[in-house]
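Data first, discussion second: the structure below is written as structure tokens.
Keep in mind the model is a prediction, meaning the values are calculated, not measured.
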Protein chains: 2
Amino acid sequence: MSKIPSSTKIPAKPTGSRRVAGGAAATPKTVAATTPANRAERAAERRAAIVEAALDEFIARGFTATRLDDVAKRAGVAKGTIYLHFKDKESMFEELIRTALVPMINRLHAPPPSGGSVRDMVEGFAENFIREVASTRRGDIVRLIVAEGPRFPAIADFYYREVVSRGLAGMRALIELGIARGEIRHKSLARFPQIMVAPALIAVIWQSLFARHAPLDATEMFRVHLDLIFGERRTT
Amino acid sequence: MSKIPSSTKIPAKPTGSRRVAGGAAATPKTVAATTPANRAERAAERRAAIVEAALDEFIARGFTATRLDDVAKRAGVAKGTIYLHFKDKESMFEELIRTALVPMINRLHAPPPSGGSVRDMVEGFAENFIREVASTRRGDIVRLIVAEGPRFPAIADFYYREVVSRGLAGMRALIELGIARGEIRHKSLARFPQIMVAPALIAVIWQSLFARHAPLDATEMFRVHLDLIFGERRTT
DNA sequence: AAACTATGACTGACCAGTCAGTCATTGTCA
DNA sequence: TGACAATGACTGACTGGTCAGTCATAGTTT
């Protein structure tokens, strides 16, 4: 258990540098000279610290089991401060998830590297996904959505609209391109783009639950999967 | 927050009603002859009612947010009765999940209908799975494991040992049979049996989260997936 | 009557959210 | 520039409510 020493700021240094606040854990700061920054800036910093801490806690414990006292402690702020930035626990959670999804959404908007073959594009996309989602905290966010989605319809809706439907639409377009170019022979794949990404999602879940028991080489698995779709790759 | 009614569900036992329940319901007479059943039997009935109710609540709310008062109400017993059957909330949850998994485990043990082709076997298995898991409460249990697994390592372990590793081993055997028979051309598929079942898991998750937005024909999706693996099916 | 089972009021811990007070910072004036 | 005032970000003790788990009492069976 990461017990942050209560370090109640009573540093007996009435004059000393402005309170560094117990945040020691993740931020060696040293404030003072470097950048006291103006108020607005510091407020933004604090908000960021809260967001960071809250995500960690929500991922580790789920929505209900997360205590805002712990979030505050981890962020190095008082509990009351949280309420200067968020209305309540629930809207905080929703806002957090939304914010965390933005990078994924942006990635979907970015034009794919339309260079080589369709297979290369999909493979590049998958490698990206596995590197930046499956093996990072973003993967846990996906798991968090699966876990809490049914109790937060607003989040499930948002996720469907902004990530799932767009992602699948893009994938469908790619599949159709592959069919048109003759790279993909199974025309009906375009009806279920989910199949294309299924192993990626499996990898995310596997990492969270079973990585300890049996590591999974997600990249290699995806490659085999693509072999099924595009045919064995020539290894000239 | 949507409150699940939770009360309802006390529709008089199929057998004679005993239930003295609080205050009013003063009708402690009768019952006897018809179907009181002996003690052990009634205890088992009550236990079953508790298990049933608890599963519904856990699925709907997750572990932490589930209140044992609600479980008791839904099961038609007093809260104290729960503690006659289970040590505490946590071990109750673990036991519940374990119990709920038994049918799935048995299915994995059952010899597959080794009749026709490997494809037929896999397809039969998948149809079974989609009918009996993806579209029922069992699917929610899988989701529950994904959701709570990280906080209940014992459950994740159990699930891995009893379901995942066995299921994958069986699937791998089937794949190897398919390769030996020449039905499957991609030899490396045997290294990642996860690929074979990936769409089934996707279907489970989709049902819980997105069915409202866009229904998914899981059976048809799986068929397309099998086409990728076994080649287009002849529809002569 | 003795043994067993069920009940639900009760207890104590826990936690989301509040708010009166503190104090570093910023603004104003001489 | 230095002294003083105003601001509002921040704090954390506190409140009100919730809920897991207990146990004295009541009911049932043998």
Side-chain angles (χ1 to χ4, degrees), chain A residues 6-11 13-23 31-32 35-47 49-50 54 57-58 61-73 75-93, chain B residues 1 3 6 13 16-33 36-47 49-50 54 57-58 61-73 75-93:
Chain A
S6 55
S7 76
T8 23
K9 31 265 77 160
I10 315 174
K13 287 288 180 68
T15 42
S17 58
R18 59 169 230 76
R19 73 179 50 235
V20 175
V31 184
T35 37
N38 61 35
R39 277 202 196 178
E41 252 173 78
R42 274 195 292 106
E45 258 174 43
R46 301 213 134 180
R47 192 193 158 93
I50 292 170
E57 293 287 328
F58 280 133
R61 310 171 124 78
F63 176 77
T64 312
T66 289
R67 284 163 303 209
L68 293 194
D69 280 305
D70 288 348
V71 172
K73 198 182 290 181
V77 302
K79 185 155 59 140
T81 306
I82 292 174
Y83 289 88
L84 299 176
H85 294 277
F86 301 94
K87 181 173 151 289
D88 58 17
K89 192 183 179 188
E90 196 166 321
S91 59
M92 178 192 191
F93 181 71
Chain B
M1 277 299 222
K3 285 280 185 189
S6 77
K13 304 265 183 59
S17 64
R18 64 178 229 79
R19 137 173 325 278
V20 177
T27 325
K29 212 33 313 164
T30 346
V31 174
N38 62 37
R39 275 199 194 174
E41 251 173 79
R42 274 193 293 105
E45 257 174 44
R46 299 211 136 183
R47 192 192 158 91
I50 292 170
E57 293 286 330
F58 280 133
R61 307 170 127 75
F63 176 78
T64 312
T66 289
R67 285 163 302 208
L68 293 194
D69 280 305
D70 287 348
V71 172
K73 197 182 292 180
V77 303
K79 185 158 60 145
T81 306
I82 291 174
Y83 288 88
L84 299 174
H85 293 276
F86 301 94
K87 180 173 152 289
D88 58 18
K89 191 184 180 187
E90 194 164 324
S91 58
M92 178 192 190
F93 181 71

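Here the P atom of nucleotide dA9(C) and the OH atom of Y83(B) are 16 Å apart, to the nearest Å. Rounded to whole Å, atom C1' of dC19(D) lies 13 Å from atom CZ of F58(B). Here dC14(C) presents its P atom at 13 Å from CZ of R61(A), a figure rounded to the nearest Å. In this structure, the CZ atom of R67(A) is 16 Å from the P atom of dA13(C), given to the nearest Å. Between I50(B) atom CD1 and dT7(C) atom C1' the separation is 13 Å, expressed in whole Å. Going from atom NZ of K87(B) over to atom C1' of dA20(D) covers 12 Å, rounded to whole Å. Taking atom CD1 on I82(B) and atom C1' on dG8(C), their separation rounds to 12 Å, with Å as the unit. Computed from coordinates, the E45(A) CD to dA9(D) P distance equals 15 Å when rounded to whole Å.
Residue K89(A) places its side chain closer to dG17(C) than to any other of dT22(D), dT11(D), dG17(C). Closest approach to the D69(A) side chain among dA16(C), dT5(C), dA20(D) is made by dA16(C) (side chain taken as heavy atoms from C-beta onward). Checking dG17(C), dA9(D), dG8(C) against the side-chain heavy atoms of L84(A) singles out dA9(D) as nearest.
L68(B) comes within contact range of the sugar-phosphate backbone alone, with a heavy-atom separation under 4.0 Å but no base atom that close. Within 4.0 Å of T66(B), counting heavy atoms only, lie sugar-phosphate atoms of the nucleic acid but no base atom.
The closest side-chain heavy-atom distance from F93(B) to T66(B) is not below 4.5 Å. Under the 4.5 Å side-chain criterion, counting only non-hydrogen atoms from C-beta, R61(B) is in contact with D70(B). At a threshold of 4.5 Å between non-hydrogen side-chain atoms, the residues M92(B) and Y83(B) do not count as touching.
Within the structure, a side-chain polar atom (N or O) of R46(A) is placed less than 4.0 Å from OP1 or OP2 of dC10(D). In this structure, T81(A) reaches the dT11(D) phosphate: one of its side-chain N or O atoms is under 4.0 Å from OP1 or OP2. Contact check, R42(B) against dT29(D): a side-chain N or O comes under 4.0 Å of OP1 or OP2.
Here the closest non-hydrogen pair linking A65(A) and T64(B) is CB-OG1, 3.5 Å.
At a cut-off of 3.5 angstrom, the base of dG21(D) holds at least one donor-acceptor pair with the side chain of K79(B).
If you take NZ on K89(B) and CZ on F63(B), they are separated by 5.0 Å, rounding to the nearest 0.5 Å.
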